[in-house]
Amino acid sequence: MGRPLECPHCHTETVCWQSPDASSWGGRILEVCFNDLCPYYVQGWDWMREQYQVPCSYRYSRDPETGRVGPLPVWSSTALKDSIVSPPDTEATNA
C-alpha cells in the first residue's frame with residue numbers, strides 16, 4: 001500500500017478502512033480521512049442538508065487499487081470508524 005495518503009482538504013494522514021463485503025467495494029480497503037475538523041467533512045453537512053434535505057455528510061476516500069477518489073457517506077461523526085483497520089503489512093509479503 002505504500003506510505004499513507006494525505007487528505008487534500010485538511011492535509012491529515014488518511015487511515016485504512018475496511019469496506020463491508022456486501023458493499024459495492026466488495027470488502028476492499030479504502031484510504032479515508034476521519035479528521036472531524038476536515039473542511040470537506042464539516043461543509044458536507046450543510047451541503048447535503050441544502051441539496052438533499054438529509055442529515056448526513058461525507059469523508060474523503062481513495063481506493064488504493066484504482067486511485068479513484070470520492071465521498072464516503074456518513075450519518076454521524078462516529079459512523080464507520082469501527083471499521084478502521086491496520087494497513088496491510090507489505091514488508092511481510094516481500095520478505
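Keep in mind that what you see is a predicted model, and the values were worked out from it rather than measured. Numbering of residues begins at 1 and proceeds along the displayed sequence. Values below: all heavy atoms of this structure, side chains included; hydrogens, waters and symmetry mates excluded.
Rounding to the nearest 0.5 angstrom, the gap separating the SG atom in Cys56 from the CE atom in Met48 is 3.5 Å. Remark: Glu31 CD to Asp63 CG distance equals 8.5 Å, nearest 0.5 Å. Atom OG of Ser57 and atom CH2 of Trp75 lie 12.5 Å apart (nearest 0.5 Å). Atom CG of residue Leu30 and atom CD of residue Gln18 lie 9.0 Å apart, to the nearest 0.5 angstrom.
Not less than 6.0 angstrom separates the ring centroid of Tyr41 from the ring centroid of Tyr58.
Relative orientation of the Tyr60 and His9 rings is perpendicular, given thresholds of 30° and 60° on the angle between their planes.
In terms of heavy atoms, Gly27 sits closest to Asp21 at CA-OD1, 3.5 Å. In this structure, Ala79 and Phe34 approach most closely via the heavy-atom pair O-CE2, 3.9 Å. The two atoms that bring Pro87 and Cys16 nearest to each other are CA-SG, 3.6 Å, heavy atoms only.
Trp17 places no side-chain N or O within donor-acceptor distance of the main-chain N or O of Lys81, the cut-off being under 3.5 Å. Here the side chain of Thr14 pairs a donor or acceptor atom with the backbone of Leu5 at under 3.5 angstrom. Put simply, the side chain of Ser19 gets close to the backbone of Arg28: a donor and an acceptor are under 3.5 Å apart.
Linking ILVMFWY side-chain heavy atoms closer than 4.5 Å, directly or via other members, places Ile84 and Leu37 in two distinct hydrophobic clusters.
Here Asp46 pairs with Arg49 under the side-chain hydrogen bond (donor to acceptor under 3.5 Å, both in side chains) rule; sequence neighbours left out. In terms of the side-chain contact (heavy atoms from CB on, under 4.5 Å) criterion, residue partners of Thr78 (sequence neighbours excluded) are, by chain and number, Ser76.
Checking Leu72, Val69, Leu80 one by one against Ser61, the side chain to side chain contact (heavy atoms under 4.5 Å, CB included) holds for a single residue, Leu72.
The pair Arg59-Asp36 counts as a salt bridge, with a side-chain nitrogen and a carboxylate oxygen less than 4.0 angstrom apart.
For the pair Pro71/Tyr40, a side-chain contact is recorded, criterion being any heavy-atom separation below 4.5 Å from C-beta on.
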